[in-house]
Amino acid sequence: MKRFGSLLLVGAVSVSLAACGNSGSDNASTNGSTNGSGNSPAANAGDSASAGNKPVTLNFFSNNADQTTGQGLVEKQLADAYMKENPTITIKFESVSPDQQYQDKLKIYNASNAMPDVMMMWSLPGLMNPLIKNDTLMEFTPDDVKDMGFQPAALKAFTSNGKIYGLPKNSDFLVLYYNKKIFQDNGLEPPKSEAELIDVSKKLNDKKIVPVAMDGRDGWPLFLWFQNEMQRSSGSFQTLTDAVYRKGTFKDLGGIQVAAKMQEIVKAGAFGEGFLNLDYGAAKNLFVQGKAAMFIMGEWEMGMGSDPNIPDDIRGNIGALPIPAGDKGANTDLMAWFGGGYSVNAKSPHAQEAKAFALWMMKQDNWAKSVWQSGVTFPAQEFNQYTTDQQSSLQKELADIFTNATTISGNVATDNLQSDDASKFTNGIQALTAFKYTPEAFVDLIDAAAEESNKANEAAK
Amino acid sequence: MHRMMSDKRTIFLMMAPGFAVFFAIVFIPVFVSLFYSFTDWDGISAYRMVGLHNYRELLLHDPVFWKALRNAFLLGGAFLLIQHPLAVATAMILQYCGRAEKALRTILFIPSIISGFVTSKMWVQILSTQFGLLNRLLDAVGLSTWRQDWLGSSSWAIASIIFVAMWQGFGYAFLLYYTGVKGIPQDLHEAARLDGATAWQLNTRIVLPLLQPVIRTSIILAFIAAFKQMDTVYLMTQGGPDNSTQFLATYLYQKAFSINLYGYANAISVLFIIVCLLVTAALNRMGRQEVGEF
């Protein structure tokens, strides 16, 4: 019986794996029963009619589980408005968050041929390419999107072999939020350069305030910081791209200095103690509870400026700073990328209806206006014309950072790393900032990982 | 009736449903897993057969796998050498607690009743470096030099995880021994006392040997628990920092669901089964000793 216990455990893991085990097209029909999820979009195939006046149900798969606030609310409001205009169409939401789980579920849907009609998508090659290869994603023509005000770089992120496979929904960029009151009370100036950051960190540590709240446990914020540091040290975002695509090695392109600089910043106590085990929520909490003076995160946290759950004296004092300048990179060089968007399932019986809805939803007057005016996120479309007095000061400060940027990184090259190698990077950065690796050992590790990834990518072509 | 029960066909028919379910949810997945462990499947695209490549990588070039295995043995060892002796001792002592016995019994079992999610998150808060209860307590009593980055430094993180896992599992271990102790007939106690045995002698010479079957089962269960350790680790450190608290199950999860190496993850799961079977067999062999009837 005991051995069965262990078998059962593994069995449980394997069942879930087996459920997605039908990606090979030859056995696609055998697996419906293993995929236990009753609410799979295929279940709705009952309303099989695809023509004009018959009722059509579109399944909208979203990563925003909360539809009372943020992007979830905007999605719901727009869907409701669309259903009002088109009474024959019903839009049904299914949400899974966080993003990792969402992506896992999407893969399972794909493997079991039960893809939703409209879905949140990330312009990550690892996620999109297999779906494109499968002909799962609907193509948008340049004509479809021509008057929608999309940033060209944002559309490019969703373009593969000259075809557009998704409508980008937001622009993301890395900033340093800061608590103006803490700085004022302690007679400190917000840091503009790394030297100032180190200086401020030491002073804040003496007062038992965490200088920068950093989500070190999840890995990706540290990874973003590293990518940014590559630019700050070399003066160009291209350096990182070159190293990832092996036009040079991290070693030759100044990786060792970057690693040493990162250790210097950690040593100065910039992230406080124990940041390697702070997750996103914990790091944000330090900041919004006034225990940390700064918080390094993406622009998507701009809702903090109007979040009623954050104490008044903190909410009103949140400002945003560009990431401090380095030896060569200025603080107007902005790490910005375009990750999220919506895609449509080309294999759906309602593909055309779904596409029409997606295009309608992403109209500038719908999506861009709604998210910007409600302070939810930065659209990937022109938005300045929608600014009103209602926008929080934090939102305006962020908009300034975005508009004043002289160079923009665009999608980061490390997105092209094989996922296994990307995780070697993140683990390496954690080990580096925990002083378990020397800068030299770290650079050797990431060079090896980039090399391996590049070979695998070449082989895949 | 007797004739019906000894009819092989009847036995077969009665066994069949259970066996079919068991076969479908245990054996088939294991074989599917075994099959995928020979592929380079990423969860979405078509896969290729890669033979023993995944196993070679795992066994020869993957230090994290060995670290995960080592951590499982460390945790199993800690269960065996720290948690279980403590649980046995507590179970024995509790019989002498008179009126408090019932209350204490409940209190000891509380950590096992509360959801693992809640207790894990609670320990994350307590062990938090800058604002955690533990470090603050150390500050308050003037032991600031003892402060540690309990979950953020790789050497302390594994120790913290082991401690929390032992704390969480203590209730069950204790309960098993406690029932064992209670199950020993009172006449044996009386006979021993009549012969002039002290409480110490009674417990070490009579109760402990009679507890052996319980101990054997508990230890096997504890080792299995150590090997399949997942939730606590996932909730407290996610295997980090730098893989220092990786366990087989968390590593398997990470490879399959974060990194999309399903083929590789299946190879881990197959090795996982093998290791579990080997450990169980070894423990069974070690504990094969009859205590006799009582």
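Residue numbers begin at 1 in each chain, while the letters A, B, ... track the order of the sequences. Note that the coordinates shown come from a computational prediction; the quantities given were computed from them, not determined experimentally.
- In this structure, B:Y47 has its ring center no closer than 6.0 Å to that of B:Y262.
- For the set B:G132, B:S154, B:S153, the count of heavy-atom pairs under 4.5 angstrom toward chain A peaks at B:S154.
- Judged purely by distance below 3.5 Å, without hydrogens or angles, the side chains of B:D139 and B:S144 pair a donor atom with an acceptor atom.
- Proximity to chain A (any heavy atom under 4.5 Å) is shown, for B:S128, by neither the backbone nor the side chain.
- For B:Y264, no part lies near chain A; criterion is any non-hydrogen pair under 4.5 Å.
- Residue-level contacts of residues 65-73 of chain B with chain A do not occur; threshold 4.5 Å between heavy atoms.
- For B:D242, the parts lying under 4.5 angstrom from a heavy atom of chain A are both the backbone and the side chain.
- Classification of A:K424 and A:D421 as a salt-bridged pair holds, one side-chain N sitting under 4.0 Å from a carboxylate O.
- Side-chain polar atoms of B:D62 and B:Y251 form a donor-acceptor pair below 3.5 angstrom.
- With A:F295 as reference, A:F287 is the one residue of A:F287, A:F271, A:F275 to meet the ring-ring contact (aromatic ring centres under 6.0 Å, His included) rule.
- Contacts of A:D279 with chain B are made by side-chain atoms alone, with heavy-atom separations under 4.5 Å and no backbone atom involved.
- In this structure, chain A has a heavy atom under 4.5 Å from the side chain of B:L261, while its backbone stays farther away.
- Contacts of B:M230 with chain A are absent, with no heavy-atom separation under 4.5 Å from either backbone or side chain.
- The closest side-chain donor-acceptor pair between B:W150 and A:N277, if any, does not fall under 3.5 angstrom.
- The part of A:L286 that comes within reach of chain B is its side chain, from C-beta onward, which places non-hydrogen atoms under 4.5 angstrom from that chain.
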| query | Between B:H84 and B:F79, does a side chain to side chain contact (heavy atoms under 4.5 Å, CB included) hold up when you go through it step by step? | reply | CA-CA 6 Å; B:H84 281 249; B:F79 280 155; 4.2 Å; yes
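- Looking at A:D420, the atoms closer than 4.5 Å to chain B (heavy atoms on both sides) sit in the backbone and in the side chain alike.
- The stretch residues 207-218 of chain A participates, sequence neighbours left out, in no side chain to side chain donor-acceptor pair (under 3.5 Å) pair at all.
- Contact annotation: the side chain of B:D149 never approaches that of B:W156 to less than 4.5 Å [non-hydrogen atoms, C-beta and beyond].
- At least one side-chain heavy atom of A:W225 sits under 4.5 Å from a side-chain heavy atom of A:T433.
- Counting heavy-atom pairs closer than 4.5 Å to chain B, the top-ranked of the candidates A:Q103, A:Q430, A:K291 is A:K291.
- In this structure, A:Y102 has its ring center closer than 6.0 angstrom to the ring center of A:W122.
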